[in-house]
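To keep things clear, I will list the structure first and then write my remarks on it.
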Amino acid sequence: MSISLVVLQGPSASGKSTIQSRLGLPRIVTWTSRPPREGEVDGTDYFFKSRSEMELLYEREQMVEMTEYHGNLYGTPLQLIEDIVRGGLPRSVILDKAGAGRLRELFRDRTLLIGVKSDQEDCRRRLASRGHSPEEIRTRLSSYDDEIAALAVCDLILNNTDGNLNKIDLLADFIREGLRKGDGASLRSDNA
Ligand SMILES: Nc1ncnc2c1ncn2[C@@H]1O[C@H](COP(=O)(O)OP(=O)(O)OP(=O)(O)O)[C@@H](O)[C@H]1O
Ligand SMILES: Nc1nc2c(ncn2[C@@H]2O[C@H](COP(=O)(O)O)[C@@H](O)[C@H]2O)c(=O)[nH]1
């Protein structure tokens, strides 16, 4: 069975977006009710929506999954995954553990679940350089241990500590090549 969907999950600032862009696959841009950060672009980083718009879509059963993460809603509209159902190039998406679990339930062997981990201190430093307040850093890292434990279900775990990006690039090439050959099964191992 070939892979249609690559899901990245892991703690905040572990490097999911960095790895997603290095993988170079078409991305699924999800919805959020959080305000954009400086430099983030609507439709590129997220579709920035109001909480009520997101709740309405959910009530209409047009959201495949939706989660509340530290006070904001994040979700994947059904419409965004229609291309996966139709086939074509594998796509990548960043989700928390609940969203990742839901998409795995739906797409089963067609998903490659990549866990991204980094030392907690690296994550803390990265969050501070991204400009988060000490309060938000504390909140985001309060789920660090749970999010690391949840990586146990992943097909593959990438260890993205500071200074490791050259190795990540090699692994990204390996993953892309495996996907190109339609050989998802060979990618299912723990590279931590
Ligand atoms: N290996 C690395 N070495 C140094 N800096 C890194 C590394 N990986 C990511 N970063 C930096 O850490 C910050 C957070 O990375 P990124 O946005 O990719 O994390 P994320 O897991 O997507 O975060 P979040 O879930 O909080 O949105 C970014 O500024 C990024 O440039
Ligand atoms: N279940 C979902 N989780 C999502 C989705 N989009 C993002 N996320 C998760 O939220 C955190 C925080 O993101 P940030 O941009 O505010 O730093 C991110 O790490 C993902 O785990 C989604 O559509 N569904």
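Only this structure's heavy atoms are used, side chains among them; waters, hydrogens and symmetry mates stay out. Every number for a ligand or one of its atoms is a count from 1 in the order of the listing.
Electrostatic pairing of E68 and R51 counts as a salt bridge here, judged by a charged N lying under 4.0 Å from a carboxylate O. Using a cutoff of 4.0 Å between basic side-chain nitrogens and carboxylate oxygens, K49 and E55 are not scored as salt-bridged. For the pair R140 and E136, the salt-bridge criterion is met [side-chain N within less than 4.0 Å of a carboxylate O]. Salt bridge status for R126 with D162: present, with a side-chain N to carboxylate O gap under 4.0 Å. The residues D155 and R104 are annotated as salt-bridged, a charged nitrogen and a carboxylate oxygen being separated by less than 4.0 angstrom.
To the nearest 0.5 Å, atoms CZ (R108) and OG (S4) are separated by 14.0 Å. Expressed to the nearest 0.5 Å, how far OG1 of T32 lies from CE of M54 amounts to 6.0 Å.
Donor-acceptor pairing under 3.5 Å is lacking for the side chains of D122 and T161.
In this structure, R102 contributes its side chain and K97 its backbone to no donor-acceptor pair below 3.5 Å.
Near ligand 2, K16, T30, R34, R37, Y46, E65, T67, Y69, Y74, G75, T76, I94, L95, D96, G99, R130, R140 each place a heavy atom less than 4.0 angstrom from the ligand. Within 4.0 Å of ligand 1, contacts by protein heavy atoms are made from P11, S12, A13, S14, G15, K16, S17, T18, R126, R130, R140, N160, T161, D162, G163, L165.
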